[in-house]
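What follows is one structure encoded as structure tokens, with my remarks underneath.
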Amino acid sequence: MKTTRIGVLTGGGDAPGLNAVLRAVVRTLERRPGFETVGVLDGFEGLLEQRYRVLTSAHVRDLLRKGGTILGTTNRTNPFACRRADGTLADRSAEVIDNARRAQIDALIVIGGDGTLHIARELGELGLPVIGVPKTIDNDLAATDYTFGFWTAIETATDALDRLRDTAESHHRVMILEVMGRDTGWIALHAGIAGGADVILIPEIPYRVAAVERHIEARATGGQAFSLVVVAEGAVPVGGEASVRVADAGDGHPRLGGAGERLARELAPRIEHEIRVTVLGHLQRGGSPVPFDRILATRFGEHAAALAAAARFGLMVCLHEGRITDVELAEAVSRAKRVDPEGALVATARSIGVGFGDDG
Ligand code: F6P
């Protein structure tokens, strides 16, 4: 009997739970006669450079609790737009399809965020059977209730806020925490509520410094001489832009950064408090996944492997109202999930006195 080889790769930024998906894929396929899992190293780069590794359950032992990805990843390699030494772009997608065929990869499970899944969809259209597994700590894919890694990031950011509160309270300071979230404020909103932030600034609700100032002053007048502020890296002032460090980080997106510093600079002349800024950065992307993320990652991995075994391609696994299911990949990658400024979570936060910098 011919062995069916299922390739698997991780692309884009890492997220806690990637290894748990790999473990579930390998273990599921190993229990199905005639299937084998091949790991592609470093995302699509591994397909271009033909770097693979057959994976058995021995390779995925004790992986549930490990952050990162044993396969490696990159958010710089897009086979449809590979940068040549002279800076021009080349379409190397045909090479990817060819190499997959040469490696006898019958189908490919692609674990990644928006960008990686777009590439997967395009490769699917060129004839490579693909299955997508959504991943992003930002939780900004509309087709799934949650992506794994998100709740681990929330835990890290909440812990950071708990620690910052100690200093804020002791020194009567305004402590600003900048968290990830390029286009969406899910991390800032959830961690802000869980960590008791006084002000939460997110890309979906443009802020005015004057409104943040008023919130901090009102607290001081009420006897709370300190404030905790969470700022998503993609937060924007009314009429302004997100704070960009590098215009193109190599993946076609800007690398953001500086939102917290910018806010501190603008607030400093307006308030008496000392201000300090902490940028949580990639601490949010690493570490051992929390149980929710381990379970979600395991369910995603198992379902993706089952789809591969049933030769059902062009789909992305997802969580919908507590159930693991799948949607058309093409449809899944076309819709981002943004915080609804009029939604229930923002409303709850406002009701308990959290400011969003908009006087709402
Ligand atoms: O997409 C996830 C994310 O965490 C964004 O929120 C952030 O802007 C980006 O990754 C940072 O990625 P990099 O690893 O390139 O710094």
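Both counts, for ligands and for their atoms, begin at 1 and track the order of listing.
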May I have every N or O pair linking ligand 1 to the protein at under 3.5 Å, one per line with atom names and distance?
{"from": "ligand 1", "atom 1": "1 (O)", "to": "D138", "atom 2": "OD2", "distance (Å)": "3.2"}
{"from": "ligand 1", "atom 1": "4 (O)", "to": "R285", "atom 2": "NH1", "distance (Å)": "3.4"}
{"from": "ligand 1", "atom 1": "6 (O)", "to": "D138", "atom 2": "OD1", "distance (Å)": "3.1"}
{"from": "ligand 1", "atom 1": "6 (O)", "to": "D138", "atom 2": "OD2", "distance (Å)": "2.9"}
{"from": "ligand 1", "atom 1": "6 (O)", "to": "G181", "atom 2": "N", "distance (Å)": "3.3"}
{"from": "ligand 1", "atom 1": "6 (O)", "to": "E233", "atom 2": "OE2", "distance (Å)": "3.0"}
{"from": "ligand 1", "atom 1": "8 (O)", "to": "E233", "atom 2": "OE2", "distance (Å)": "2.6"}
{"from": "ligand 1", "atom 1": "10 (O)", "to": "R285", "atom 2": "NH1", "distance (Å)": "3.0"}
{"from": "ligand 1", "atom 1": "12 (O)", "to": "R285", "atom 2": "NH1", "distance (Å)": "3.1"}
{"from": "ligand 1", "atom 1": "14 (O)", "to": "H282", "atom 2": "NE2", "distance (Å)": "3.2"}
{"from": "ligand 1", "atom 1": "14 (O)", "to": "R285", "atom 2": "NH1", "distance (Å)": "3.2"}
{"from": "ligand 1", "atom 1": "14 (O)", "to": "R285", "atom 2": "NH2", "distance (Å)": "2.8"}
{"from": "ligand 1", "atom 1": "15 (O)", "to": "N75", "atom 2": "ND2", "distance (Å)": "3.2"}
{"from": "ligand 1", "atom 1": "16 (O)", "to": "H282", "atom 2": "NE2", "distance (Å)": "2.9"}

TODO: Can you establish whether the number of heavy atoms outside E125 located under 6.0 Å from its atom CD is more than 12?
DONE: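 Count over threshold, so yes.
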
- [ ] Report yes if the side chains of Y207 and V209 come closer than 4.5 Å at any heavy-atom pair, otherwise no.
- [x]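 In short, these two side chains touch, coming nearer than 4.5 Å.
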
Look up atom [atom1] in [X] and atom [atom2] in [Y], then write down how far apart they are to the nearest 0.5 Å.
| X | Y | atom1 | atom2 | result |
| --- | --- | --- | --- | --- |
| N19 | L71 | CG | CG | 7.5 Å |
| I105 | N99 | CD1 | CG | 9.0 Å |
| D358 | I205 | CG | CD1 | 5.5 Å |

Open item on the list: Which label fits H190 and W186: parallel for a plane angle under 30°, tilted from 30 to 60°, or perpendicular past 60°?
Closed with: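 Answer is tilted, since the angle falls between 30° and 60°.
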
